[in-house]
Amino acid sequence: MHTQSKETQSSLTPAAALQILKDGNQRFVNNLKANRNLLQQVNETSAGQFPFATILSCIDSRTSAELIFDQGLGDIFSIRIAGNILNEDILGSMEFATKVVGTKIIVVLGHTKCGAIVGACNHVEMGNLTTLLNKIQPAIVEEKTITENRDGKNSAFVNRVTDIHVRLTIDRIRRESPIVAELEQQGDIKIIGGLYDVETGFVSFFE
Ligand SMILES: [Zn+2]
């Protein structure tokens, strides 16, 4: 598997970048790994990096973007924070990753059985976590189909909130980052949501 270079990165379309991630996740769930020499990639990326994707995912120990998409060094800007929430520092990271470095796709990746989403559904308050979990509340407000047992024990409710949270996060990226929104409108990048299933290892993209 080749290391991304300026040439390979600039020749990729957003659709091709998405396909690389899909192919990588397919290898992951089939327990296949691309042949990759990480130490050689240290050398090949020492003078510069040309990653093709930016992935916002949870800190959950099961959702490491490089592993679940079978990628190597220099492939992915990995933004990780509990509950894959958004704030202005993360928006700034996305602007750097796309506008400055040229990644072709932004993935907002939620996952099943997310402790942060469950915590938000249970209205947990604890230290600095309270502020973080508050950023998931809009998805809970937006969930209107489930009328009973709207808490973290109801997996149907948690799954709905997880899905809505990803979609609202994408809406916010477009609204709160004119830089990223313009790149998307020009067709230079694609912003897409996805869900990682911790039971199967499979990522389903919201297409
Ligand atoms: Zn999580």
Side-chain angles (χ1 to χ4, degrees), residues 1-84 90 93-94 96-98 101-117 155 159 162-163 165-167 169-170 173 183-184 187-207:
M1 188 61 73
H2 68 77
T3 299
Q4 294 291 337
S5 64
K6 189 167 182 50
E7 291 69 36
T8 60
Q9 185 206 48
S10 61
S11 68
L12 275 180
T13 62
L18 176 59
Q19 193 58 47
I20 292 175
L21 293 176
K22 286 181 177 173
D23 292 346
N25 182 244
Q26 198 63 48
R27 289 194 299 276
F28 176 68
V29 295
N30 290 323
N31 207 22
L32 300 170
K33 271 198 203 77
N35 188 17
R36 188 178 277 121
N37 182 334
L38 287 176
L39 198 55
Q40 187 184 329
Q41 289 200 307
V42 171
N43 265 321
E44 290 168 350
T45 56
S46 61
Q49 59 169 342
F50 303 94
F52 68 92
T54 302
I55 299 179
L56 171 60
S57 61
C58 184
I59 59 169
D60 193 291
S61 61
R62 300 163 289 186
T63 62
S64 170
E66 286 82 356
L67 293 177
I68 66 179
F69 291 112
D70 187 32
Q71 298 300 311
L73 291 186
D75 288 327
I76 289 176
F77 274 123
S78 189
I79 307 172
R80 297 186 65 182
I81 189 159
N84 40 274
I90 290 168
S93 300
M94 288 177 173
F96 174 74
T98 52
V101 185
T103 60
K104 304 296 180 186
I105 189 167
I106 293 176
V107 181
V108 178
L109 188 67
H111 70 96
T112 59
K113 300 189 176 176
C114 179
I117 301 283
S155 61
N159 289 343
T162 302
D163 184 285
H165 176 56
V166 167
R167 294 174 199 277
T169 300
I170 291 175
I173 293 169
L183 287 169
E184 188 185 34
D188 294 332
I189 68 162
K190 183 183 186 70
I191 309 174
I192 192 166
L195 183 75
Y196 175 76
D197 187 330
V198 297
E199 288 173 65
T200 64
F202 185 74
V203 174
S204 45
F205 287 97
F206 300 174
E207 294 185 275

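Note that the coordinates shown come from a computational prediction; the quantities given were computed from them, not determined experimentally.
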Nearest non-hydrogen partners of [X] and [Y], listed with the distance:
X	Y	result
G83	C114	CA-SG, 4.1 Å
I79	S93	CD1-CB, 4.0 Å
C58	A82	SG-CA, 4.0 Å
T45	G74	CG2-CA, 4.1 Å
P51	V101	CD-CG1, 3.8 Å
P14	G187	CG-O, 3.6 Å

Would you say that more than 12 heavy atoms from the other residues, nucleotides or ligands in this model lie under 6.0 Å from the [atom1] of [X], or not?
X	atom1	value
N31	CG	no
K6	NZ	no
L38	CG	yes

Validation row: [X], [Y] side chains within 4.5 angstrom (heavy atoms):
X	Y	result
V203	F28	no
I81	I90	yes
D23	F69	no
L21	N25	no

With rounding to the nearest 0.5 Å, note down the distance linking [atom1] in [X] to [atom2] in [Y].
X	Y	atom1	atom2	value
I191	T98	CD1	OG1	8.5 Å
N84	D60	CG	CG	10.0 Å
H165	I117	NE2	CD1	4.5 Å
L56	I173	CG	CD1	6.5 Å
I170	E184	CD1	CD	8.5 Å
F50	E44	CZ	CD	12.5 Å

Look only at the side chain of T112 and the backbone of V198, and say whether a donor-acceptor pair between them is shorter than 3.5 Å.
yes
Does D75 reach the main-chain N or O of Q71 with its side chain, forming a donor-acceptor pair under 3.5 Å?
no
Do any side-chain atoms of residues 102-111 form donor-acceptor pairs under 3.5 angstrom with protein atoms, and if so which ones, sequence neighbours left out?
unit_1	atom_1	unit_2	atom_2	d
T103	OG1	T54	OG1	2.8
T103	OG1	A97	O	3.0

Could you go through R36 and L73, starting from their C-alpha distance and side-chain angles, then the distance that decides it, and tell me whether this counts as side chain to side chain contact (heavy atoms under 4.5 Å, CB included)?
CA-CA 9 Å; R36 188 178 277 121; L73 291 186; over 6 Å; no
Trace of the side chain to side chain contact (heavy atoms under 4.5 Å, CB included) decision for F96 with F77
CA-CA 10 Å; F96 174 74; F77 274 123; 3.9 Å; yes
Regarding T8 and Q4, do their side chains bring together a donor and an acceptor under 3.5 Å, going by distance alone?
yes
Test item: side-chain donor near acceptor, N37 and Q41, under 3.5 Å:
no
Test side chain to side chain contact (heavy atoms under 4.5 Å, CB included) on S64 and R80 and set out the steps.
CA-CA 9 Å; S64 170; R80 297 186 65 182; 3.6 Å; yes
Walk me through whether K113 and E199 qualify under side chain to side chain contact (heavy atoms under 4.5 Å, CB included).
CA-CA 9 Å; K113 300 189 176 176; E199 288 173 65; 3.3 Å; yes
Could you tell me if R62 sits above the aromatic ring of Y196, with its cationic atom closer than 6.0 Å to the ring centre and no more than 45 degrees from the axis?
no
Hey, is D70 close enough to R27 for a salt bridge, meaning N to O under 4.0 Å?
yes
